[in-house]
Amino acid sequence: MNPLLKEIRHSPLLWMLVFVPVVLAAEQIAPSAHTVLFVLAVLAIVPLAALLSLATESVAEKTGDAIGGLLNATLGNLTELIIATAALQAGEYTLVKASIAGAIVTNVLFMLGASFLLGGLRHHVQEYNRAGGRLYSGLLLLATIALLAPSAVADLNLAQGEVVTQKLSAGLAILLIAAYGSGLFFSLKTHKELFASEDHGEAGGGHWPLGLAVGTLIVVTVLVALVSEIFVASVQKAGETLGMSPAFVGFIIVALVGAAAEMAVAFSAARKDRLDMSVSIALGSASQIALFVAPVLVLLSYVIGPKPMDLQFWPGAVTMVMISAVTASFITNGGRSAWFIGLLLIFIYAIFAMTLYTLPPRS
Amino acid sequence: MNPLLKEIRHSPLLWMLVFVPVVLAAEQIAPSAHTVLFVLAVLAIVPLAALLSLATESVAEKTGDAIGGLLNATLGNLTELIIATAALQAGEYTLVKASIAGAIVTNVLFMLGASFLLGGLRHHVQEYNRAGGRLYSGLLLLATIALLAPSAVADLNLAQGEVVTQKLSAGLAILLIAAYGSGLFFSLKTHKELFASEDHGEAGGGHWPLGLAVGTLIVVTVLVALVSEIFVASVQKAGETLGMSPAFVGFIIVALVGAAAEMAVAFSAARKDRLDMSVSIALGSASQIALFVAPVLVLLSYVIGPKPMDLQFWPGAVTMVMISAVTASFITNGGRSAWFIGLLLIFIYAIFAMTLYTLPPRS
Amino acid sequence: MNPLLKEIRHSPLLWMLVFVPVVLAAEQIAPSAHTVLFVLAVLAIVPLAALLSLATESVAEKTGDAIGGLLNATLGNLTELIIATAALQAGEYTLVKASIAGAIVTNVLFMLGASFLLGGLRHHVQEYNRAGGRLYSGLLLLATIALLAPSAVADLNLAQGEVVTQKLSAGLAILLIAAYGSGLFFSLKTHKELFASEDHGEAGGGHWPLGLAVGTLIVVTVLVALVSEIFVASVQKAGETLGMSPAFVGFIIVALVGAAAEMAVAFSAARKDRLDMSVSIALGSASQIALFVAPVLVLLSYVIGPKPMDLQFWPGAVTMVMISAVTASFITNGGRSAWFIGLLLIFIYAIFAMTLYTLPPRS
C-alpha cells in the first residue's frame, strides 16, 4: 500500500477523500437534507475521480493506450449501469432514458470537446489515430438508427402500438449487443494493429504494481457508485431548489457528474498529448452506453422491472444523440485536432444545455 | 456456343437452369399456386444470376472494372424497370414506390455490406478507388433531397396540393435524369482517368468471345425478367401465407431477389479483391434506380398509367433512403474496407428489416 | 483617380454604371413603377458588382487570398445587414428571416457550385486549401443546430412558448457571435498558417494603390446598399406581376441579386484557379450571415424593432439550411474539385428553387 499512501500524502486534491465517509454518514443521519447531500456528494466524487485517474494510468501504461482507454470506459460505465439498475427496479423509466441519452451526448460533445480544447491550449496541433474514432462513431450511428426505429413505429399510431414497439426494442437490443461484441472482436483481435497507439515514452503518473492498481480501480469504482447513488437521489430536489428544469438536471448535471471520473483521465491524457486515449475514453464510453448499457437495461427490465422497458426515446433526445453521432463522424474523420475544434463541440453542447435549461419545470 | 455449354457442364449450380422452363410451365398450368410458384421462381433466378455473372465478367474483362460495373448495373436494373412498368400499367403505385425505395436501400446497405464482409473475410484490408463511391453517393444524396421536396410540400396541406406535388415531381424527374446523364458524361468521358481501376491481372471466369458474352447477357436478362414477374405476382400471397407484412415483402424480399443477379457478381468480385467492381455495381445500381428508373417511371406514368405518378414517398421510406445515402457517403470516403465495415452496413439493414417485419399486416 | 477612370474607359461593362444615377432618380420620380424600378436596379447592380470585384482584388493582392476573401465577405454582407435592418424597423420579420435563410443557401449551393463549375470548365481538376472550407462548414453546422433548437421548443406547445423561445433565441444569438469571434481568432491569429494560400503569382486585375482600392470599396458598397433597397422594395410587386410566389422571391431572387457583387469576385477567382478565394467568399459569407448578421439582428430587434425577433424559422427553411451545411461539409472534405461537383451543388439548389416556385402565391 506504500505507493498509494505516498500519492495521497503528496497530492492535496486527494485529501478531499475525507468527504467520502462524510457523505456516506450524512446520508444515514439526514437523508432528507437534499441540497447538503448534493454538495457533499460532488465534493466526494472529485477526489475519487482523481484517484481513479491515477490507478487507470498505471494499468494503461502496461497495456497501451487503446486497451487502457477501453478498460477505463468499462469501469467508468459500471457506475452508470449500477445507478440505472436501481432506477429500473423502481420503475423510473423516464429517468433511465434521460440519463442514457444525456451520458451519450455529454461524452461525445463535452468530454471530447474539452479534451481537444485543453490539449489544444498546450499543443498547437495534435494528431491521433483516427481508426478508434471511426469505429466508435460508426457504432454510435448504428445505435442512433436503432433509436429512430421505435419512434417511427410509434408515430404510425398502430392499434397494438405498444406491443409492437416492445417486441422491436427487444430485437434491437440483441442486435446492438451483437454489434458491440463484433466491434470489440474487430478492434482487440482481428485488426488490433489499426488501433495501436504510438509509444509516447513520457510515462506519467505513479508506477504502481499491477495488483495495487487493479485493486484500487475496483475499490474506488464501488465507492464512486455508492456516492453517485446519493448524488442522484438528492440532485432532483436540489435542482428544484436551485431553479433548474428536470430535463436539464437529468440530461446535463447527472451526466456531467456521472462522467467526472472518466473526464479527469481524458483531460489529463489530452494535456500530455495522448489524444488517442482521450478519444478512446470519450467515444468508447459513449458507444458502450449506447450499445451495451442501454440494451442490457432493456433486457434486464424483463427480469427485474415492473414491466418491460422499450427503446422509444423522447424525439428531442433522439435528435441530440443523432447530432452528436454525426458530429463525431465528421470531427474524427481527419485525425487532427486544434483548440477551435474542441470549442466548437462545447458550443454545440452549450446549445443543448441552454435549450434544456429554458424549458419550464414540470408543473 | 461451345464455351457456354462447357461452362454449364462443369458447374453444378447451372444445372438448376432446368427450373427456368419448369416455373414458366407451372405458371401456365397452375397460376394460383402462389407458394409453389414463389419457391420455383427463386430456384430459377439463382442459376440465371450465376450465368449473368459469368457473362458480365467476360465482357468486363475487355472493358475495365468501372465500365463493366456500369454495364452490369444497367442490365441488372432492366429487370426492375420491366417489373415496375407492368405494375405501373396496373396502377399499383404503392408497390412501384416500395420496390424503388427497397431496391435503393438493399443495394446500398446489403449488397455493399455483404461485399465488404465477404471480401474482408478473405482479405485483411481491401483498398478501392473511392472516386466511384464518391460520385455515386453524391448522386444518391441529390436523389434523396429530391424525394424530400414533394413530402415537404404535401405537409403544407395546400388547397391544390396534389396538383402542385404532381407538377413538382415531373420537374424533379427531368432534373434527376439530367444529373444522371451528367454523372455518366463525367465518369465515362471528361474525367474517366479518375475512375480507372488498377489492373488486377488475375482474370477470372470464362474467356468467352465478346459476341457470345453479349448475347448471353441479353437472353439471360430477358429470362430473369420473365421469371421475376412470376415471382412478384406470387410473392405477396406467399408472404401472407408465411406471415410477413406487405411492407416487409415489398421492401426486403422483392428487393433481395430482384438484385440477386447483381449480388452474385458483386460478391464474387469482392472475394477476388476487385472491390472497385463491387462498389460500382452496388452504388451504381442504387443511383441508377434513384436517378434513372424512378424518374423514367414518373414520366412514363403520363403515357401508360391510369393517372400521373408523383415522387411523394412514405416518410419512413424517405428516412431509410436518406440514411442509406448518408451512410454510403461516410463509408466510401476512406477508400478502404475491412469485414467490420461490411457487418456494420448489414446491421443497419437488419434494423430496417426488423422494423418492417414487426409492422402488423394490412387489415 | 487615374487608374479607376482608365479601368472604366477600357471595360464596356462598367459603362452600365450610368444606370446607378438613373435608378436613383427614377425612384424619386415614379416610386410606384415597380417592374421598371426592378429592371433598372438589376441593371445598376451588375456594374457595381464588377467594380467591387476589381477593387477587392486590388486589396486582396496585398493581403493574401484568405484575408482578401474575408474582407470581401464582410463588405458584401454589409448590404444584407443594411437591408435587413430597414426591414427590421418596419417589423417585417418574415422577410428578414426568409432573406437570411435564402442568403445562406444561395451562398453555399449556388455561389460555391457555380465557382466549381466555372473553374472546372477551364481547369481539369482544381485543388484548394480545405482548412477554410472545414472551418466554415463547422460553423455553419453549429448555426444550423442553433436554428433547430427554437423550432423544437416551439413544437412542445408550452404554455408560455413565445417567451421561452424568445429568451432562448437571445442566448443563442450571443453564443453564435462568440463562436464566430473564436473562428476569426483561430483563422487569423493562432492558426493562420493553416489557412495560407499558395502564391499564385499571376496577379490579375488593376494594380491600384491601396488608398484608392479601399476608397472605391467603401463608396461602391454604399451605392450597392442604396440600389439594393430600391430593388427589395420593388421585387415583391414585380414578382407578383411575373407570377412568382413570395417564398421564391424572398429566398431565391433577393438572395441571388443580394450576392451578385460577391459572386462576380468568386467566379472570376475560380476561373483564375484561385479556388481558395472562391471558397472563402462563398462559405465565409454564408457563415458570416448565419453567425454574425442573423444574431446581430436578433439583438438589434430589442432596440429598434416593434418587438423582439426570435430565431424560430419556417421548418422548410431550417431543412434547406441544414442540407446546405451538411453538403458543404461533405464537399469541402476532399479539397479537390471538378466541374461535376459544382453542377451537383447547382442541381440541389435547383431542387429548392423548383419547390419554392411551385408553391402557390399567398391568397
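Values below: all heavy atoms of this structure, side chains included; hydrogens, waters and symmetry mates excluded. Proteins get letters first, then strands, A, B, ... in listed order; numbering begins at 1 in each. Values in this document were obtained by computation on a predicted structure and should not be read as measured data.
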Checklist entry - Which atoms of C/Ile348 come close to chain B, meaning under 4.5 Å heavy atom to heavy atom: side chain ones, backbone ones, both, or neither? => result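 Interface part for C/Ile348: both.
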
Next on the checklist: Heavy-atom pairs under 4.5 Å with chain B - which of C/Ile341, C/Ile331, C/Ile351 has more of them than the others?
Outcome noted: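 Highest number of heavy-atom pairs under 4.5 Å: C/Ile351.
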
Next on the checklist: Heavy-atom pairs under 4.5 Å with chain B: which of C/His124, C/Met320, C/Met354 has the most?
Outcome noted: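 Looking at each option in turn, the highest pair count goes to C/His124.
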
Item to check | Separation of B/Leu112 CG from B/Thr106 OG1 (nearest 0.5 Å) | outcome: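 Nearest 0.5 Å value for the OG1-CG distance: 12.5 Å.
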
Checklist entry - To the nearest 0.5 Å, what is the distance between CD1 (B/Ile104) and CG (B/Leu291)? => result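 One gets 8.5 Å once the value is rounded to the nearest 0.5 Å.
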
Next on the checklist: Show, in sequence, the C-alpha distance, side-chain angles and deciding distance for B/Leu139 and C/Leu344, and conclude whether the side-chain contact (heavy atoms from CB on, under 4.5 Å) test is met.
Outcome noted: CA-CA 8 Å; B/Leu139 287 172; C/Leu344 209 58; 4.1 Å; yes

Item to check | Over 12 non-hydrogen atoms of neighbours within 6.0 angstrom of CZ in B/Phe347 | outcome: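 Yes, CZ of B/Phe347 has more than 12 neighbouring heavy atoms, counting only those of other groups under 6.0 Å.
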
For chain C, find which of [options] contributes the most heavy-atom pairs closer than 4.5 angstrom.
options	result
B/Ser182, B/Ser329, B/Gly171, B/Ala149	B/Ser182
B/Ala152, B/Ala179, B/Ser187	B/Ala179
B/Ile145, B/Leu148, B/Thr165	B/Ile145
B/Leu135, B/Asn333, B/Val164, B/Thr190	B/Thr190

Checklist entry - Would you say the ring centroid of C/Tyr128 lies under 6.0 angstrom from that of C/Phe116? => result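 C/Tyr128 vs C/Phe116: aromatic centres under 6.0 Å.
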
Checklist entry - B/Gln166 versus chain C, heavy atoms under 4.5 Å apart: side chain, backbone, both or neither? => result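 Neither part.
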
Checklist entry - When you measure from the side chain of C/Thr358 to the backbone N and O of C/Thr355, does any donor-acceptor pair fall under 3.5 Å? => result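 The answer is yes, because a donor-acceptor pair under 3.5 Å joins these two groups.
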
